[in-house]
Amino acid sequence: MKLVDARRVAIEQDARIRFAIAGGAECTIDEHGVARVASLRAAPQWTLEEAFASAGEFVLEPTARGKAGKPRPSRRLSRADFEKLCERKELAAHAAAGQDHDE
């Protein structure tokens, strides 16, 4: 699982994804797939891909409201659960791409 997979999930689910980075910082991937670390003031000694690879827990915060107009609840996901979510989205994307081609 890579950062691009998390960005895809954020866009497809219309959600924000948050995860902790070493040193007390937090990264947020918004519903447009843009990753931000708000507390950075200078270039870090690490890459965001490395920080993502070391994250153990993720928070999925839906931005869209439910059918009744109420905000949908946030979900905490372990790394294993988040990997499963990314795999399902990746499989669905591959299946949809395969249907677009004529033989």
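No hydrogens, no waters, no symmetry mates; every other heavy atom, side chains included, goes into these values. The first residue of the sequence shown is numbered 1, and numbering continues consecutively from there. Computed from a predicted structure; not experimentally measured.
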Separation of [Y] [atom2] from [X] [atom1] (nearest 0.5 Å):
X	Y	atom1	atom2	value
L85	E12	CG	CD	9.5 Å
T63	D14	OG1	CG	3.0 Å
I11	I17	CD1	CD1	9.5 Å

### Query
Which pair of heavy atoms, one from C86 and one from M1, lies closest together, and at what distance?
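Scanning both residues completely, I find the closest heavy atoms to be SG-SD, 3.6 Å.
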### Query
How far apart are the closest heavy atoms of R7 and G33, and which atoms are they?
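So the minimum-distance heavy-atom pair works out to NE-O, 2.6 Å.
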### Sequence neighbours excluded, every pair satisfying salt bridge (charged side-chain N to carboxylate O under 4.0 Å, His left out) that has a member inside residues 31-47
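Residue pairs passing salt bridge (charged side-chain N to carboxylate O under 4.0 Å, His left out), neighbours aside: R16-E31, D30-R36.
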### Task
Enumerate the residue pairs fulfilling salt bridge (charged side-chain N to carboxylate O under 4.0 Å, His left out) with a member in residues 42-54, sequence neighbours excluded, ordered by first and then second residue.
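Checked against salt bridge (charged side-chain N to carboxylate O under 4.0 Å, His left out) - neighbours excluded - no pair reaches residues 42-54.
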### With A20 via side-chain contact (heavy atoms from CB on, under 4.5 Å) - residues at least two apart
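A20 satisfies side-chain contact (heavy atoms from CB on, under 4.5 Å) with no other residue.
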### Message
Going by side-chain contact (heavy atoms from CB on, under 4.5 Å), name the residues that satisfy it together with R18, two or more places apart in sequence or in a different chain.
### Response
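Once residues adjacent in sequence are excluded, the partners of R18 under the side-chain contact (heavy atoms from CB on, under 4.5 Å) criterion are E26, T28, V59, E61.
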#### Entry: Residues forming a side chain to side chain donor-acceptor pair (under 3.5 Å) with S78, sequence neighbours excluded
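With neighbours one apart ignored, the set is D81.
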#### Entry: Residue pair E57, R76: steps toward the salt bridge (Lys or Arg N to Asp or Glu O under 4.0 Å) verdict
CA-CA 7 Å; E57 184 177 73; R76 287 195 177 280; 3.0 Å; yes
#### Entry: F58: ring-ring contact (aromatic ring centres under 6.0 Å, His included) partners, not counting sequence neighbours
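ring-ring contact (aromatic ring centres under 6.0 Å, His included) list for F58, sorted by chain: F19, F52, F82.
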### Query
Is W46 reachable from I29 through a run of I, L, V, M, F, W or Y residues, each pair having side-chain heavy atoms under 4.5 Å apart?
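In one cluster: yes.
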### Task
Flag the pair S74 / L60 as yes when at least one side-chain heavy-atom distance between them is below 4.5 Å, and no otherwise.
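With C-beta onward as the side chain, the pair stays apart.
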### Message
Between D5 and K2, does the salt bridge (Lys or Arg N to Asp or Glu O under 4.0 Å) criterion hold? Intermediate values first, please.
### Response
CA-CA 5 Å; D5 299 321; K2 296 190 179 211; over 6 Å; no
